[in-house]
Every structure is written in structure tokens, then in C-alpha cells.
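Structure, as C-alpha cells:
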Protein chains: 2
Amino acid sequence: MHKKIRNMAEFAVASGISRPTISKYFNDPSSVRASSRSKIEAALACFDYRPNIYAVNQNRQMTKNIGIVVPYLADPFFAEIVRFIELRCIDAGFAPSLFSSHGEQALEIDILDSLRAIKPAGVLLAPLGRESDKAALESFCRHVPTVLFDSNIEGIGEAFIGSDNYSFVAQTVEYLTRTGEAPCFLEMRHPANPNANKRRDAYLSIMARLQLESHVISIEGRGWRFEEIGHQGGLKLLEQNTLPTNTVLCSNDRLAIGFLAACYEKGIRVGRDSDCDLRVASQDGHPFSRFTCPSLTTAAHDYTAISEHAVATLFQLIESGGRLAQRAEKLFPAQMIMRESA
Amino acid sequence: MHKKIRNMAEFAVASGISRPTISKYFNDPSSVRASSRSKIEAALACFDYRPNIYAVNQNRQMTKNIGIVVPYLADPFFAEIVRFIELRCIDAGFAPSLFSSHGEQALEIDILDSLRAIKPAGVLLAPLGRESDKAALESFCRHVPTVLFDSNIEGIGEAFIGSDNYSFVAQTVEYLTRTGEAPCFLEMRHPANPNANKRRDAYLSIMARLQLESHVISIEGRGWRFEEIGHQGGLKLLEQNTLPTNTVLCSNDRLAIGFLAACYEKGIRVGRDSDCDLRVASQDGHPFSRFTCPSLTTAAHDYTAISEHAVATLFQLIESGGRLAQRAEKLFPAQMIMRESA
DNA sequence: GATTTAATTTGACGCGGGTAAAGTTTTATA
DNA sequence: TATAAAACTTTACCCGCGTCAAATTAAATC
């Protein structure tokens with residue numbers, strides 16, 4: 001009875017419906033008459049036929065694929081946001097494909113290249129940032145409807161969804177200043193991510209507005225191993241004993257995780273209690289920031305809002321045919337999380 | 001001059017080579033005469049034509065796709081191993097597709113389902129473990145050449161590559177016992193991953209062999225938020241003050257990260273110095289274990305060996321037509337990393 | 001029950017490239 | 001230089017499905 005169905009024509013015979021109608025059904029089950037639909041679904045139950053996606057995508061102008069590209073998947077921030085995004089794409093009937101550039105420009109270009117080959121309906125792209133080949137990104141975005149997130153690159157992509165870096169720094173600096181000494185700012189000298197520069201600039205401008213003396217400490221190190229960089233840089237700083245203030249605001253949580261490890265090793269007591277030597281705060285709301293020692297006071301990304309809005313924007317972009325009247329930018333403010341480190 | 005090339009026939013004309021030869025070239029550039037090859041590559045340089053992957057895959061019995069499935073991508077262990085695997089697949093000319101089950105059975109089934117639809121040459125699967133639907137996995141593996149890694153499920157997949165849990169526990173217990181008191185063993189009562197059970201059993205058997213009294217402490221909590229579980233469980237344990245030994249071996253690093261945070265909060269000094277209250281060691285070699293406070297002594301997976309061998313096994317499986325004479329199992333021993341926590 | 005409207009069927013073509021057969025040219029070997 | 005082997009060209013058909021036009025049928029409206 002259950003002879004194997006090899007293609008849509010055979011399935012059409014088996015279900016007693018013509019092939020074009022079957023085709024319509026798979027593109028939109030509600031577009032066929034209820035009686036046909038139930039016949040098809042009855043047949044579907046016995047024969048478990050599914051259209052060949054390669055044949056389908058060859059003939060469709062646009063696939064149901066959505067590309068998701070992040071710069072560094074081993075960073076739990078991206079892993080977390082990708083989780084949200086994937087689930088929302090699936091719910092909307094799309095097939096997400098996930099790619100990580102692993103911090104390498106060549107790989108990012110390769111990914112965009114192979115992404116073009118699968119003709120996705122749209123792409124959610126968190127670019128490498130400073131390391132990105134802007135010409136390559138621009139060329140890609142001309143061909144594929146793309147929404148940028150996390151890292152903004154001016155003029156590239158139809159929209160950008162990210163966090164308002166100013167809000168992060170404003171909240172952390174305000175909190176730290178209100179509850180103690182104003183912070184110095186610890187960052188990588190050559191950050192991979194453009195958000196880092198925005199945060200430093202925000203720090204400088206906010207400190208100026210508050211008529212406070214600002215101190216930016218830029219530590220060496222390149223790449224995406226932020227914890228290690230924060231650790232090494234922290235050890236050096238603490239050995240030199242040249243921290244200008246007793247309060248340190250780290251540019252991001254991963255740097256702070258490394259820095260806290262250095263503090264611990266050097267016997268520096270971190271926290272807001274009176275017997276502590278140093279307060280450390282940071283920014284991102286990294287999934288592990290709860291479990292540092294002490295737990296990390298940080299300004300957190302609104303993961304849910306960002307992923308939700310990024311996906312919604314992409315869907316809207318797809319529905320309007322791949323182009324938006326003008327490039328939309330949406331920034332979400334930080335959510336302050338007060339913990340033990342400051 | 002640069003009229004757009006729409007398909008292989010047009011490209012054949014443009015390059016002065018017949019279409020079947022072009023087709024051969026793209027399947028294996030070395031299979032065509034050197035003179036033809038250089039003509040094709042010259043044309044390729046001006047016209048940047050690429051075969052339509054949907055048309056290609058429709059007609060090929062087997063694609064060049066490789067599926068990679070992990071249970072929880074937000075766990076840096078998997079993120080890290082995926083990085084290795086992806087790069088090796090790309091180097092070998094395959095197109096890896098990455099999926100995370102996000103800890104959910106339904107999603108794992110969905111992924112295997114859509115994976116079947118893309119007709120991959122092979123799949124590298126790290127199953128959820130206890131949460132997996134074994135019947136679904138078995139059915140999948142009957143259709144797609146699959147190599148399991150990380151979590152073994154007896155009889156499923158053509159091969160398994162993972163770590164030798166016994167070696168992990170043997171090394172940590174040996175080290176801890178040699179340098180101080182024998183450890184108790186801290187684990188989740190309902191671990192998601194079957195490795196956890198193997199580690200507990202190894203602990204019991206090793207302690208018995210050493211004629212030492214064993215103490216297994218099973219803490220409550222389900223799911224994949226191990227740090228939180230370790231943290232909550234740790235707080236409870238330390239409040240009750242009922243630890244049977246001054247040395248704790250955690251089943252895995254993420255649990256240990258949470259436990260260390262609990263120790264810090266409770267003012268327990270962790271480390272191997274004489275003024276410390278507790279020694280804590282663990283297992284996995286988690287990327288962040290270097291940055292805990294104190295840094296975590298742990299038995300590390302041999303990431304490189306595992307990913308290397310998993311990929312090599314899959315390639316071999318693909319070359320031998322999708323079936324192996326018998327199910328191969330390969331386990332790699334741990335590499336002990338001595339740090340400050342024990 | 002006649003008419004309009006919507007849905008379906010039939011038949012046919014196209015997408016882009018795999019692949020096989022038969023004949024032709026090139027290269028390698030002796 | 002003759003001969004065999006390898007690579008190539010031409011021709012043709014195939015894959016599985018989207019999609020269109022024309023004809024047919026069913027449902028909805030009055």
C-alpha cells in the first residue's frame with residue numbers, strides 16, 4: 001500500500017489532486033479549497049511526502065531561507081541572541097542558517113559569498129566591525145536584503161538594530177558617581193567592535209558634562225579573546241599600581257571577567273563594601289556576569305528587544321520587497337543590573 | 001564585454017568549452033585537461049559565474065553539505081568545538097550547516113527533519129542525551145550517514161567520538177588524593193548529558209579501588225543552566241555546612257563556576273594554600289575556567305583531537321558510502337590542567 | 001435555476017545542471 | 001609514426017518542481 005512517493009506528480013496521483021494544486025498547497029495551504037486540502041492532508045499522513053527543497057528553490061525567485069551571521073559565536077552574547085533569533089525565524093516559517101565569522105575577515109567574506117548562493121529571503125548580519133571588508137559588505141547588501149545588528153556600519157544594510165551605547169555608559173557612570181568615586185574607563189586600545197569606540201566617546205562626553213576628570217586606560221591586545229586581554233592588562237596595571245581612581249568601568253563584560261580574575265590573583269578586594277579596594281563595573285549583561293567573583297555590576301543589553309526587533313524589521317523588509325524607504329536605526333537602552341562588584 | 005552569465009550553457013560559450021566539461025570542472029577541477037582548465041579559469045576571472053547550487057543538488061545523488069548539530073550552542077564548550085569542525089569541513093570542500101537544539105527535544109527532532117531534507121553527505125551529531133528521542137535519532141541515522149560526538153547513545157550512528165570520562169575522573173581524583181584529602185563528587189541529580197553519569201560511576205569505582213570512602217552530592221535542578229544550578233546548590237550546601245570533605249570534585253566546569261561563585265559569596269577561601277578552606281577541581285577545560293576566582297584546576301577535553309577525529313571519521317564514512325563495517329568508538333583521554341583552585 | 005466567481009485540471013514549458021552515448025580530437029606510449 | 005588511451009564535443013534526456021494558459025468544474029450569489 002505504502003509505495004514510495006518519489007515526486008510531486010506521484011503524490012498528486014496518490015492524493016487524487018492535480019499537481020499544480022498540490023504545488024499551491026505547499027506554498028500556502030489556505031489557498032486551496034477545504035475539500036482539496038483535507039484530501040491532501042489525508043494522503044500526506046500515509047505517504048509522508050515532502051517537496052524536494054532543491055527543486056523548489058531552483059524555481060522560486062526567492063527562498064524561505066534566512067541567513068544569520070555573527071562575528072564570534074564562542075562569545076555567549078552572540079550565542080544567546082542567536083537563540084532568540086533562530087526560534088523567531090522558525091516560528092515565522094523561515095529556515096535560518098547560522099554562520100560565525102570566527103573573528104576572521106576572510107571567513108566573513110566567504111560566508112557572505114556562500115550566503116549569496118543560497119538566495120536567502122533576507123539576512124541578519126552582525127559584522128566583524130573594524131575587521132570587516134566594507135566594500136564586500138556593501139556589495140553583498142546590494143544583492144541581498146540585509147538588516148545589521150550589534151555593530152553598525154554607516155550606510156550598509158537596510159536597517160540597524162542595536163544598543164544605545166551612550167545609555168550604557170550614562171547609566172553606569174551615573175550610578176558609580178552617585179555611589180562613590182567617578183570611574184576611570186578600561187578598554188582595549190584596538191577594539192574589534194565599533195561599539196567600544198562609541199562607549200569610550202560616551203564616557204568622555206559624560207565625564208565632561210559632569211565636569212569630572214576622565215581617565216581612559218587602553219590596554220594592548222587584539223582579537224576576540226577579551227578575557228585573556230583583560231586579565232593580562234589587569235595584571236600589568238595592578239603591578240604598576242597606577243590606577244587613577246578606585247573605581248573602574250570596563251568597556252565590556254568579557255574584559256571585566258579577565259580584569260576581575262587579575263584582581264583576585266593580586267589580592268585586590270573588589271566590591272562596594274567599605275573594606276574593599278576597588279569597585280568594578282561593566283557593560284553587556286553577559287550570561288556569566290552573574291557568576292564572577294564578586295558578581296558583576298553591569299549595564300545589560302536588552303537581548304529580547306534587540307532580537308525581537310531585528311527579526312521584525314527583517315520580516316518587514318522582506319515583505320516590502322527588499323528595500324526600505326530609508327535606512328532605519330533602532331537603539332535600545334541598557335538595563336542596569338546592580339550586583340556586588342560596584 | 002561583461003554581459004551577465006545566467007547559466008552554465010552561457011558560460012560554456014563564453015569560455016569556449018563544452019558544457020559537460022564545464023560541469024566536470026566544477027565537480028573536480030583536476031579531472032579536466034590543463035589547457036581546458038586554464039581556459040575555464042580565465043573565463044571565470046572575467047565573468048564570476050558560479051553554478052546554481054539548487055540545480056546542482058537537485059541532480060546529484062549526494063550534496064556537499066555537512067550537518068553539525070549540538071545540544072546547546074550557548075555553552076562555550078560546544079561553540080569552541082564547532083569552530084574547529086566548521087573550519088575543517090570548509091577546508092575539505094564541504095559546506096557545513098550548524099544547528100543548535102537549544103536543549104529542547106522538539107527542536108532536535110525538527111532539526112533532524114530539516115536536515116534530512118537537505119540531503120547532507122554526512123552529519124556530525126552531538127545529541128541532547130537523556131532528552132533525545134532515541135527512535136527519532138535511530139530513524140534519522142538509518143537515512144543519513146551520521147557520526148555522534150560528545151554524548152554517546154549506544155547503537156546509534158556509525159561511530160562515536162568523545163572523551164574518556166573514566167580518564168577525566170581518574171586523573172582528577174588521583175591528583176586531588178595525592179596532594180591532599182580525597183574529594184567528594186558534586187553533580188546534578190538529573191544530568192542532561194550521559195557523560196555525567198559515566199563520571200559519577202567512574203568516581204565511585206575509582207574511590208572503591210583506592211579503598212577510599214566516596215561521597216556523591218547530587219544537587220537539584222534541571223536544564224542547561226549549569227552555572228545557576230551549581231550556584232544555588234552551592235549556597236545551600238555551604239549554608240548547611242555539611243560538606244563531607246575539604247575537597248570537591250565537580251562533575252563539570254560550568255557547575256564548578258557556579259559553585260565557586262557560591263564559595264566566594266559565603267567567604268569560603270578556595271585554593272590549595274594552607275590558609276584555604278576548600279579545594280575545588282572540575283572537568284571539561286571550559287574556555288572560561290582560566291578566569292574563575294581562583295582559576296580552576298580541571299581535566300580538559302582534547303578539543304582539537306576530538307574535532308579532528310570526528311571530522312576525519314565522518315569523511316571516511318562518506319567515502320565508504322555511508323556505512324561502516326562496524327560501529328567505531330574512539331575516546332580521548334583528558335589533559336590535566338593544574339591551576340589555583342586545587 | 002441561471003449566472004457569476006472562484007477553484008481546479010490538463011497540458012506544456014522552463015529552470016539549471018547531471019549524466020550517458022557516440023563520435024572526435026588530443027595526448028601518451030611504444 | 002602508429003596505436004591506444006584519455007579527454008573532449010555534441011546531442012539528448014533527465015531531475016522535480018514553479019508557473020502559465022485554456023478548459024473545466026465547483027461553489028456562491030441572486
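Numbers restart at 1 for each chain; the letters A, B, ... are given by sequence-line order, proteins then strands.
Annotation: salt bridge (Lys or Arg N to Asp or Glu O under 4.0 Å) contacts involving residues 66-88 of chain A, sequence neighbours excluded, comprise A:D75-A:R254, A:E80-A:R83, A:R88-A:E308. Screening residues 43-52 of chain A for side chain to side chain donor-acceptor pair (under 3.5 Å) gives A:R50-B:D113 as the qualifying pairs, with residues at least two apart or on separate chains. Within the structure, salt bridge (Lys or Arg N to Asp or Glu O under 4.0 Å) pairs that include any residue of residues 25-39 of chain A comprise A:R37-A:E41 (at least two apart or interchain). Pairs of residues two or more places apart, or lying in two chains, that qualify as salt bridge (Lys or Arg N to Asp or Glu O under 4.0 Å) and include a residue from residues 318-328 of chain A are A:E158-A:R323, A:R327-A:E329. Residue pairs meeting the ring pair (Phe, Tyr, Trp, His ring centres under 6.0 Å) criterion with at least one partner in residues 60-95 of chain A, sequence neighbours excluded, are A:Y72-A:W224, A:F77-A:H301, A:F77-A:Y303, A:F94-A:F315.
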All N/O donor-acceptor pairs, side-chain side in residues 136-143 of chain B, below 3.5 Å, sequence neighbours left out:
| from | atom 1 | to | atom 2 | distance (Å) |
| --- | --- | --- | --- | --- |
| B:S139 | OG | B:R116 | NH2 | 3.0 |
| B:H143 | NE2 | B:R116 | NH1 | 3.4 |

Does the protein touch nucleotides 7-15 of chain D at the base, only the backbone, or not at all? Give it as B, S and - per nucleotide, heavy atoms under 4.0 Å. SSBBBB--B
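Residues satisfying the ring pair (Phe, Tyr, Trp, His ring centres under 6.0 Å) criterion with B:H309, sequence neighbours excluded, are B:F332. The side chain to side chain contact (heavy atoms under 4.5 Å, CB included) search around B:S101 returns B:V69, B:E108, B:I111, B:L128, not counting sequence neighbours. Annotation: side chain to side chain donor-acceptor pair (under 3.5 Å) contacts of A:R60 (sequence neighbours excluded): A:N27.
Across A:T63 and A:A121, no two heavy atoms sit closer than the pair O-CB, 3.4 Å.
Near-neighbour residues of DNA chain D inside residues 112-122 of chain A, defined by a heavy atom below 4.0 Å, are absent.
Of all nucleotides in DNA chain C, those with any atom nearer than 4.0 Å to a heavy atom of chain A start and finish, going 5' to 3', at C:dA7 to C:dG16.
OP1 and OP2 of D:dG18 both lie 4.0 Å or more from every side-chain N or O belonging to A:Y25.
A:F26 comes within 4.0 angstrom of no nucleic acid atom, judged by non-hydrogen atoms across all strands.
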